[in-house]
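Single-structure report; data block below.
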Number of protein chains: 2
Amino acid sequence: MANPYNTVHTHKPTPHANGASCLDRLFVKQPVEHLASGQSLFFEGDDAKHVFQVVEGTLRVFRIISGGRRVITGFLDAGDIVGVSLRGRYLYSAEAITPSVVKRLARRQFDAAVASDEGLRPVIFARVCDEMAAAQDQMVLLSSKSAEERLCTFLVKYLRRNTVPGCTIIELPMTRLDIADYLGLTIETVSRTVTKLANKGILGFENPGLRHTIRIERPGMLAQLTGDGDDHEDLPGDLLALREPRRH
Amino acid sequence: MANPYNTVHTHKPTPHANGASCLDRLFVKQPVEHLASGQSLFFEGDDAKHVFQVVEGTLRVFRIISGGRRVITGFLDAGDIVGVSLRGRYLYSAEAITPSVVKRLARRQFDAAVASDEGLRPVIFARVCDEMAAAQDQMVLLSSKSAEERLCTFLVKYLRRNTVPGCTIIELPMTRLDIADYLGLTIETVSRTVTKLANKGILGFENPGLRHTIRIERPGMLAQLTGDGDDHEDLPGDLLALREPRRH
DNA sequence: CGTTTACTTGAATTTCCTCAAGGACGGTGG
DNA sequence: CCACCGTCCTTGAGGAAATTCAAGTAAACG
């Protein structure tokens with residue numbers, strides 16, 4: 001039951017620097033609630049009576065589909081808001097990966113605040129846009145990236161989002177199974193791909209045997225392997241056509 | 001260059017019945033613009049200066065990723081709005097599949113209307129929520145459905161969305177390649193899967209050789225093959241655990 | 001009527017999954 | 001302190017699904 005990986009997140013910057021204080025105003029008076037590892041915040045299909053703000057910890061957002069398979073559509077970290085862009089019922093379940101702290105606000109109050117507060121609307125809107133953009137990126141990842149590209153994309157985004165720039169230590173709060181369900185792979189494939197990247201010298205482990213803490217040895221190489229073509233966008237046109245062909 | 005499949009959409013119901021008139025008010029005074037097949041409405045990365053309403057026709061919304069691969073994230077039909085949930089720049093390109101008619105509204109005007117019109121906000125919000133829900137469904141499809149399940153899901157949704165209830169004729173405006181890029185498959189796999197469904201007697205072709213017009217012979221069977229478990233959601237709990245295992 | 005585009009079909013290959021086993025760590029209880 | 005257990009992770013062998021490569025057919029267009 002107890003999660004053996006109740007990692008402490010050092011290196012974590014304040015996410016969502018813009019407008020965060022504006023959002024915090026909404027939740028500042030709400031009491032904090034504590035969630036143990038594995039504890040559910042809400043279930044898919046529940047009446048969407050509340051909007052939540054994550055104060056601390058990491059949660060997974062997922063759906064269970066017919067064969068009992070789980071699809072994780074995202075992870076939530078400190079500063080994230082969940083429950084905004086839906087009507088009536090939650091489209092997914094949310095549960096704590098690490099011991100977490102959240103605040104809640106009744107949807108009625110939330111809607112009222114958004115309706116009355118001119119300054120709040122653009123902040124909320126920006127969040128919804130980010131969510132939409134993330135969903136688009138995920139669709140691209142799932143429809144056309146290889147296992148290695150998926151994992152590299154995940155690590156690069158995690159590095160950017162959850163550590164200070166320049167930091168190359170990633171302390172993953174989620175299990176390999178979480179990552180697999182997020183990337184549309186199996187746990188074995190995730191494991192093998194991590195090993196492969198380690199063998200290539202792109203990443204390593206802080207503590208042999210403790211494979212949740214990853215050190216990125218070659219961040220540039222990792223970025224190249226995401227398949228996003230972030231690199232060399234300034235190539236001359238005739239070279240662009242000669243890019244490596246992409247399997248599917 | 002010219003699209004040989006400038007199909008006429010018979011059987012098409014009015015989509016988005018709720019609040020459509022409310023949205024139409026925004027665009028009613030705007031002049032119509034015509035797009036030929038294959039013509040672009042805007043490109044990924046363009047300044048998002050306008051919001052568009054599709055009046056007639058079908059468009060594809062897509063991104064080009066590094067290896068030259070194209071990922072279609074959605075199709076737009078009459079009544080759809082595009083360009084709402086983004087900031088600054090379009091996240092994707094949009095181009096006409098069939099000859100299409102659209103109206104445009106400057107973002108400034110759009111934003112002003114949303115800010116001032118209390119009644120408009122929930123309608124817009126509902127659209128964004130639908131978009132988000134569709135993105136979630138697509139992530140589920142891409143991360144854990146087989147080729148057959150993907151195609152069946154596509155056909156069922158298309159049937160529900162673009163024909164009157166009970167109608168079993170689907171006139172697909174998009175090519176097999178469009179479908180492949182939407183479902184995260186290759187054109188060959190789509191083709192093979194269509195053939196397989198035809199051999200099973202689940203669907204047939206109105207005109208031999210003209211394979212864009214599909215007749216669904218067994219709608220119930222098609223729905224079962226989507227892998228959504230829409231069926232038997234009322235099973236007793238102990239049976240739920242015994243559902244057929246799902247490959248991945 | 002020839003060319004182009006869209007689609008289909010087959011064979012070989014590849015990637016990832018499935019199944020199976022084993023190892024490492026943390027917690028528990030003797 | 002140590003043996004035991006459960007969970008998480010890794011690794012290997014074999015298999016299945018979808019991709020790639022390669023023709024080949026059919027309809028649409030000029």
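Below, chain A is the first sequence line, B the second, and so on; all start at residue 1.
- With hydrogens and angles ignored, the 3.5 Å screen pairs no side-chain donor or acceptor of B/Arg104 with any backbone N or O of B/His50.
- Side chain of A/Leu210, nearest nucleotide from D/dA22, C/dA20, C/dG26: C/dG26.
- If you take CG of A/Asn207 and C1' of D/dC9, they are 15 Å apart, rounded to a whole angstrom.
- Remark: B/Arg176 is in phosphate contact with C/dT8, judged by side-chain N or O atoms under 4.0 Å from OP1 or OP2.
- Looking at the side chain of A/Thr195, the nearest of the listed nucleotides C/dG26, C/dG10, D/dT10 is D/dT10.
- Residue A/Phe205 contributes atom CZ, which lies 10 Å from atom C1' of D/dT10 at whole-angstrom precision.
- Distance, B/Glu188 CD to D/dT19 P: 8 Å, rounded to whole Å.
- Distance CG (A/Leu185) to C1' (D/dA18): 15 Å, rounded to an integer number of Å.
- Regarding contacts with the backbone of C/dC17, a side-chain N or O of A/Thr189 is found under 4.0 angstrom from either OP1 or OP2.
- A salt bridge is absent between A/Lys145 and A/Asp137: the closest approach of a Lys/Arg side-chain nitrogen to an acidic carboxylate oxygen does not fall below 4.0 angstrom.
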Original post:
Checking side-chain contact (heavy atoms from CB on, under 4.5 Å) for the pair B/Met221/B/Lys200: CA distance, chi angles, key distance, verdict?
Top reply: CA-CA 10 Å; B/Met221 203 68 189; B/Lys200 286 192 193 175; over 6 Å; no
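- Proximity of B/Thr213 to B/Asn207: side-chain heavy atoms (C-beta onward) are nowhere separated by under 4.5 Å.
- Straight-line distance from the CG atom of B/Leu177 to the C1' atom of C/dT5: 11 Å, rounded to whole Å.
- Comparing atom distances between the B/Ala147 side chain and each of D/dA18, C/dC16, D/dC8 picks out D/dA18 as nearest.
- For D/dT19, one of the phosphate oxygens OP1 or OP2 lies less than 4.0 angstrom from a side-chain nitrogen or oxygen of B/Thr186.
- For A/Thr175, the listed nucleotide lying nearest its side chain is D/dC8; candidates were C/dC7, C/dC17, D/dC8.
- Contact annotation: side chain of A/Arg211 to base of D/dT11, donor-acceptor pair absent below 3.5 Å.
- Atom NZ of A/Lys145 is separated from atom P of D/dT19 by 18 Å (rounded to the nearest Å).
- In this structure, of C/dA20, C/dA11, D/dA18, it is C/dA11 that holds the atom nearest to the side chain of B/Arg192.
- Each of D/dA18, C/dC7, D/dC21 was ranked by its minimum atom distance to the side chain of B/Ser191; first place goes to C/dC7.
- In this structure, A/Ile97 places its CD1 atom 18 Å from P of D/dT7, rounding to the nearest Å.
- Contact annotation: side chain of A/Glu148 to base of C/dC16, donor-acceptor pair absent below 3.5 Å.
- In terms of phosphate contacts, A/His212 brings a side-chain nitrogen or oxygen within less than 4.0 Å of OP1 or OP2 of D/dC9.
- Taking the six-membered ring where the residue is Trp, B/Phe42 and B/Tyr90 present parallel rings, their angle staying beneath 30° rather than reaching 60°.
- When rounded to the nearest whole Å, the span between CG of A/Leu172 and C1' of D/dC9 equals 13 Å.
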